Amino acid sequence: MTEYAPQIRRLLALILAGFGLLFLVLTYWQVLMAPRLAADPNNQRQRLRLQRIKPGRAYTVDNQLVLDRQRGEKGWTAVYPQGRDFCHLTGYNAQSGLQKGLSDALFGQGVYANPWRDLLRGQPQGNDIVLTINAAAQKVATEELEGKRGAVVALDPTTGAVLALVSAPAYDPALVTSTTDEYELFRLDPQSPELNRALQGLYAPGSVFKVFTAAVALDLGLVNPRTEFTCRGRERVNNATVVCRRPAGHGTLDLNEAFYDSCNVVFAKLAAQIGIENFISYGKRFHLLDQADLALPSAAGRMYDFRGFKGKVALAEAGFGQGATMLSPLQVARLTAAIANRGQVLQPYLVEAVKSPEGVVVARGQAKALGQAVSPATAATLAGMMEQVVERGTGRGMGMSWTKVAAKTGSAEVRGKEPHAWFTCFAPADAPRYVVTVIVEHAGSGSEMALPIARRVLATLLEQSR
Amino acid sequence: MLTSTLVATLGMVLVCLAQDQSLLRALRVTTVGAGFVITSLILRPDGRGRDTHLLPYASLLCGLGVVLLWRIAPALASKQVVWMVLGLAALLATYWLVDDVAGLARWKYTAGALAVALLGVTMVLGIEVNGARLWLGIRDFFVFQPGEVAKVLMCLFLAGYVADKGPIIRAQVSFRPGVVLPGLKYVGPLILMVMFCLAIFVMQRDLGAAALFFGLFVAVTYLATGRKVYALLSVILFLAGMVAATRFFPHVSVRVGAWLNPWADAQGGGYQILQSLYSLAAGGVSGVGMGQGFPELLPAAGTDMIFSVAAEELGLAGTFALLLLYVLVTARSYSIAWRARHPYGALLAACLATVFGLQTLVIVGGCLRLVPLTGITLPFVSYGGTSVVVNFIALGLLLAVSRDCLPPSPDA
Amino acid sequence: MDMPLGLILLIGKFAFLAALYAFLTWAFRGLFRQMGLEASAGVAPVPPQPAPRPVPAPVAHPVASAGAPPATARSGAADGSPLVSAISHEHARPRLVVQEPGQSRLLAGQVIELTAALTIGRADDNGLVIDDRFCSSHHALIFTHGGERILRDRDSTNGTYHNGRRITGDVVLRDGDRINIGTVALDYRAPGIE
């Protein structure tokens with residue numbers, strides 16, 4: 001030992017104190033601050049960690065591969081075997097479409113997390129998803145909407161399963177993500193292909209909304225199909241000027257005729273009779289003001305809830321689906337499905353099953369009743385009236401030799417432009433299994449422009465089940 | 001020794017498994033382990049009271065370093081293995097050549113002049129990388145870091161100087177017992193050394209080396225005089241100089257700003273330190289596992305930020321272990337200094353231990369945002385040829401000093 | 001490859017950490033053994049100086065080993081400025097007495113009072129200038145440490161002799177010790193300090 005020993009010992013103590021401080025700070029960052037840092041928006045780890053997980057695949061109910069994956073340089077990337085046909089379902093990256101909406105299932109996160117299974121598997125792997133979509137119907141609908149703007153929704157009214165969900169214009173997910181230029185073109189396209197019109201598009205429903213007005217009036221016992229009305233072609237109802245599609249007017253007609261021949265004057269009067277309170281409360285019972293809750297972004301429907309003078313005008317216009325009432329195609333399809341399902345409203349769903357990579361079903365889609373909107377009797381009466389639309393009304397072109405179809409056409413007026421062509425229907429009318437709703441933007445009358453599309457989609461669905 | 005080799009090999013096996021690579025590559029780390037085993041076998045018959053623990057500690061640190069480097073960039077790890085083998089050769093050479101440690105004292109002025117010359121040349125002719133001028137040589141062909149070499153040379157000089165002049169300095173200092181503030185004659189050298197450190201800091205843009213040299217000077221001042229006043233005084237001077245530098249030199253203020261609030265410029269100046277913090281957080285208590293972190297997000301993962309890489313993959317448990325290893329090396333080195341029989345040996349060991357401990361504190365503190373992040377290496381673990389070889393030479397010197405120590409135990 | 005890789009990696013991770021800590025346990029046990037003995041080294045009598053070593057290298061003699069009382073090492077550790085206490089004994093200031101001036105200009109019987117650190121050599125900046133041919137410019141040093149006067153050779157060419165033996169490290173001076181530098185002989189006198 002030298003004369004420096006005491007100083008040496010104190011230096012060591014000082015350095016050790018420094019290490020002690022490091023231990024404390026290390027604990028602070030690695031334990032106390034860890035959750036906050038992990039959630040920091042600048043932290044890319046969560047996103048990169050998902051890229052390391054082998055994501056699940058998505059299939060349609062008839063076993064068509066919709067979303068695949070491949071190993072890229074920086075982890076797994078998505079592949080789109082169906083291209084444009086399923087673009088609004090698959091999305092074009094992890095932040096869009098079902099890749100975002102179902103990411104927990106696809107990447108085995110959240111409620112689908114299974115650390116033990118991952119450990120045994122050797123590599124974290126997500127779950128496969130079976131969609132309720134009928135691939136054939138989806139493809140036919142996409143094909144029919146090619147070159148147009150619009151949407152097609154097909155539902156199973158007995159369960160709420162979504163059988164087709166198409167929005168046009170479509171895009172090619174692989175192409176738009178290929179280069180930045182393509183991506184910019186896609187994002188800035190004035191036709192907004194990224195928008196999923198079936199869920200996010202809000203349109204005036206036009207005459208297809210008469211299904212709702214009629215259902216409410218029947219359910220309240222205000223009218224029956226034989227109740228007579230007069231139509232003079234152009235009338236003022238609730239201070240709103242209502243113009244009928246027949247300029248000369250229908251004269252005296254009953255509700256049934258008013259429905260199948262789509263008389264605006266009668267339905268304006270009906271709405272006035274129903275009153276704003278009932279109108280809104282039935283809107284809620286049909287869940288028209290909800291979002292779709294399909295793991296995809298969707299818009300809630302809008303109804304004019306305005307008391308006073310303006311509200312009365314809006315109510316009369318709402319009776320035949322104009323004015324401030326705005327619905328998405330899916331909500332119109334739900335309305336139709338509720339009538340087809342004896343007045344019961346069901347929660348629509350897109351996922352038939354979630355399967356582990358080993359093929360074990362982890363979760364299954366189920367019909368979920370949201371409540372009775374109208375009585376079964378009302379629904380049956382209305383279904384009969386909708387059959388009349390096909391038999392002798394505006395939907396005559398829908399007639400099929402081997403099954404009965406119930407339908408309603410619509411031409412929603414848009415100021416200064418061609419009206420949106422609407423068509424909604426279900427079949428078979430006596431034991432409904434399919435609901436098809438079509439809208440084509442600024443195309444003209446529903447019976448001319450939307451009906452043929454619905455006809456092909458419905459035929460495709462019916463053929464498959466025969 | 002064999003234990004540490006096994007530990008490192010296990011780590012390597014884990015990396016290879018996690019990254020889908022052939023297990024045979026794990027043997028690479030065994031090369032380093034074998035090098036250490038051979039070295040200790042060569043040293044064994046020495047018979048003098050050499051320290052037997054430092055070499056295993058270093059071998060484990062080196063093993064961990066190679067594993068982490070392999071995980072970051074396999075090419076770096078392969079080069080590092082070569083450097084480590086060269087380093088071991090340098091260690092043996094140092095140990096044998098320095099048969100009489102006290103004899104090294106004769107070279108003190110040569111060492112000191114060389115250290116200052118190396119630093120001076122680097123300041124003028126150095127190659128600038130990432131805004132810091134720390135390298136000498138031809139870019140992309142052969143570069144070395146004179147700062148690392150200067151570190152050990154400075155230790156040799158300071159130890160020699162104090163061993164010779166220490167009693168005189170002490171006598172002068174203690175002649176005026178009641179006076180707390182020493183006269184200008186004694187403050188002069190302090191100011192000079194503070195200026196020297198600030199020059200490194202500003203001209204080389206290397207805060208790490210500046211802090212390291214400064215800490216060494218303060219420690220030596222304290223060793224020589226045994227008075228804390230000088231240490232405190234020089235710390236105050238240095239901090240004042242830093243504040244002034246922050247005010248006057250924009251590149252310094254940018255760095256300090258990134259340290260004080262990295263979130264203000266999360267994609268620019270604050271990027272590196274933020275990524276380090278995210279790594280620490282991702283590691284949690286037990287880590288994400290070898291080979292399963294994201295070192296690719298960390299700039300300079302293999303050199304400055306290797307501690308953060310370890311923190312992510314091994315968690316708090318691993319970083320505690322790593323820091324404890326450094327505590328061991330530092331404490332063991334000081335213990336050699338404490339037990340040394342000759343003043344020169346004691347001072348040399350103390351200087352080397354101080355450099356070693358301080359370097360670890362500064363770089364790890366940087367990764368933890370305790371101090372501004374600097375570009376110095378984590379001894380034995382970080383990638384860097386000069387650093388590795390110099391660390392081994394320092395280790396060789398420590399072992400040489402340990403031969404002339406009081407025996408650790410009467411019956412040993 | 002159908003093995004549960006994730007599980008292997010998880011077990012491996014903990015095995016790795018366990019191995020690390022096993023190593024640390026071993027290492028710290030070694031360190032504490034060493035430190036524990038160090039702590040007692042100041043109190044217990046220091047082991048006697050090992051017999052002449054097989055290696056002929058100049059080995060420093062530890063200060064504490066030159067027959068000092070057991071408390072020596074501790075008193076140095078007691079406070080930061082060990083020199084003050086020694087100087088306060090004004091009446092007993094130790095000194096050197098020239099016994100043989102040899103070739104130097106010193107006078108026999110000349111008394112040199114010791115300061116806290118007295119440098120001895122041929123150069124003018126020394127506390128004690130010895131203009132002897134065999135004296136190096138900075139030859140030796142006598143300084144205070146823990147209340148003791150210590151003689152140290154400063155790598156002189158011809159060496160410093162203490163009681164007839166050439167010193168290789170530090171030597172604690174006792175009253176009446178003889179120091180030989182070149183042709184000069186000095187006696188160390190420190191009455192009252194023992």
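We name chains A, B, ... by the order of the sequence lines, and we start the count at 1 in each one. This is a predicted model, so every value here is computed, not measured.
Of the listed residues G315(B), A163(B), S286(B), A331(B), the one with more heavy-atom pairs under 4.5 angstrom with chain C than any other is S286(B).
Atom CZ in F28(C) sits 4.5 Å away from atom CG in L324(B) (nearest 0.5 Å). Note that OG of S59(B) is 5.5 Å distant from CZ of F23(C), once rounded to the nearest 0.5 Å. For the atom pair OH of Y344(B) and CG of D155(C), the computed distance is 10.5 Å after rounding to the nearest 0.5 Å. Interatomic distance, CG of L24(C) versus CG of L325(B), reported as 5.0 Å (0.5 Å rounding).
Counted within 6.0 Å of CZ on R166(C), heavy atoms from surrounding residues, nucleotides or ligands total more than 12; the atom is thus considered enclosed.
For A15(C), the parts lying near chain B are the backbone and the side chain together; criterion is any non-hydrogen pair under 4.5 Å. Residue contact with chain C, scored on non-hydrogen atoms closer than 4.5 Å, is absent for Y222(B). Contacts between V288(B) and chain C at a heavy-atom distance below 4.5 Å involve the backbone alone (N, CA, C, O).
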Step-by-step side chain to side chain contact (heavy atoms under 4.5 Å, CB included) determination, L20(C) to L322(B)
CA-CA 9 Å; L20(C) 260 182; L322(B) 194 58; over 6 Å; no
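In this structure a side-chain-to-backbone donor-acceptor pair under 3.5 Å is missing from K13(C) to L314(B).
W26(C) and H53(B) have parallel rings, their planes meeting at less than 30° on a 0 to 90° scale where 60° marks the start of perpendicular.
Shown here for Y21(C) and A317(B), the closest heavy-atom pair between the two residues is OH-O, 2.5 Å.
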